[in-house]
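Here is the structure we will look at.
To find a chain, count down the sequence lines: A is the first, B the second, and so on, and within it residues start at 1.
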Protein chains: 2
Amino acid sequence: MNIGQASEKSGVSAKMIRYYEQIGLITPPLRTDSNYRVYGPDEVHVLRFIKRARTLGFSVEETATLLGLWQDRSRASGEVRDIASSHIAALETKIDELQGMVKTLKHLVHCCAGDNRPDCPILDDLAGKPAH
Amino acid sequence: MNIGQASEKSGVSAKMIRYYEQIGLITPPLRTDSNYRVYGPDEVHVLRFIKRARTLGFSVEETATLLGLWQDRSRASGEVRDIASSHIAALETKIDELQGMVKTLKHLVHCCAGDNRPDCPILDDLAGKPAH
DNA sequence: GGTAGACCTTCCCATAATGGTAAGGTCAAG
DNA sequence: CTTGACCTTACCATTATGGGAAGGTCTACC
């Protein structure tokens, strides 16, 4: 299987497959005589694992750890759970921050007349003026 | 006022003040004979505007637009409201995505025994195995 | 006057993860 | 044997931020 097919089957772009290989996240595959990378079902499986972890918001570095745990038969599942748990906490912090931004912005938009007058509470707020 | 004080008063690092100047977000300030940048209250005001916009999650490019609208006396506040509204929509999409991730991860953590057995539903899920 | 330490200057490099492009080799179908 | 789709490497760009080096300046104190 060429890199194009592996990409299609895994959902990881060819560009990223080469990148993951370069940074050592995946092991270099075999090559044909003409230097083409050759992938088998196992490699695609690994790529799909990576794709899924990335989609769930794990960084490449975290993904590398998870991949190591996946491939280590003597792993402790508690370790995996801890990684996932702290990841959840980080995501929730991020969500809270974003919700704070949305709340502020919604308040401002609600107060903004939206016509052509230059009195804009959004800009006033950004400029640090006290709310009217 | 030197860049250090301007940084302290605005909450924007000296490094970033120079960067904002370099990319044209702010106009170059006056210099002393010894080539030090000199800032006054107006400049700090602008920097605080920028800081606030960045904190609210606007990109530097969006911030530039807002800054332009702020400084343009003939601006239409509807334009500002539109920028804020589409920004809210983008934030809410992001929040939804993150919440989806949290939900999935929480489910997995809940199912994960967390002991030392190598049967880990989180890894199984990442690997694409059907849920038990 | 001299010196130490805190500040400033510019320039270069690094990050995380991804995309783009260019120049060239290869393969399969017609 | 040509055409087009694919592959290869190598380099550059992105966003916003920080780090560091090498050197100039200013202030406070002796």
Determine, step by step, whether B/R54 and B/F58 satisfy the side-chain contact (heavy atoms from CB on, under 4.5 Å) criterion, reporting the C-alpha distance in whole Å, the side-chain angles of both residues, the deciding distance to 0.1 Å, and the verdict.
CA-CA 5 Å; B/R54 298 284 302 119; B/F58 289 99; 5.6 Å; no
Rounded to the nearest Å, what distance is computed from the [atom1] atom of residue [X] to the [atom2] atom of nucleotide [N]?
X: B/I17; N: D/dA16; atom1: CD1; atom2: P; result: 17 Å
X: B/N35; N: C/dC11; atom1: CG; atom2: C1'; result: 14 Å
X: B/E21; N: C/dC8; atom1: CD; atom2: P; result: 14 Å
X: B/L25; N: D/dT17; atom1: CG; atom2: P; result: 11 Å
X: B/Q22; N: D/dT15; atom1: CD; atom2: P; result: 13 Å
X: A/R31; N: C/dT26; atom1: CZ; atom2: P; result: 13 Å
X: B/M1; N: C/dC8; atom1: CE; atom2: P; result: 12 Å
X: A/Y36; N: D/dT9; atom1: OH; atom2: P; result: 11 Å

Check whether any side-chain N or O of [X] sits under 4.0 Å from OP1 or OP2 of [N], and answer yes or no.
X: A/T32; N: C/dT26; value: no
X: B/R37; N: C/dT10; value: yes
X: B/R18; N: C/dT9; value: yes

Euclidean distance, B/E92 CD relative to B/H87 NE2, rounded to 0.5 Å
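Interatomic distance, B/H87 NE2 to B/E92 CD, rounded to 0.5 Å: 11.0 Å.
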Check whether any side-chain N or O of [X] sits under 3.5 Å from a backbone N or O of [Y] as a donor-acceptor pair, and report yes or no.
X: A/S7; Y: A/I3; answer: no
X: B/Q5; Y: B/N2; answer: yes
X: B/K51; Y: B/S10; answer: no
X: A/E43; Y: A/G40; answer: yes

Which residues within residues 86-97 of chain A lie with some heavy atom under 4.0 Å of an atom in DNA chain D?
none
Just by protein heavy atoms under 4.0 Å, how would nucleotides 13-20 of chain C read 5' to 3' in B, S and -?
----BBBB
Partners meeting side chain to side chain donor-acceptor pair (under 3.5 Å) with B/S34 (sequence neighbours left out):
B/T32
Counting only heavy atoms not in A/Q99, do more than 12 sit closer than 6.0 Å to its CD atom?
yes
Starting from A/Y36, can I reach A/Y39 by hopping between I/L/V/M/F/W/Y residues whose side chains sit under 4.5 Å apart?
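Each belongs to a different hydrophobic cluster.
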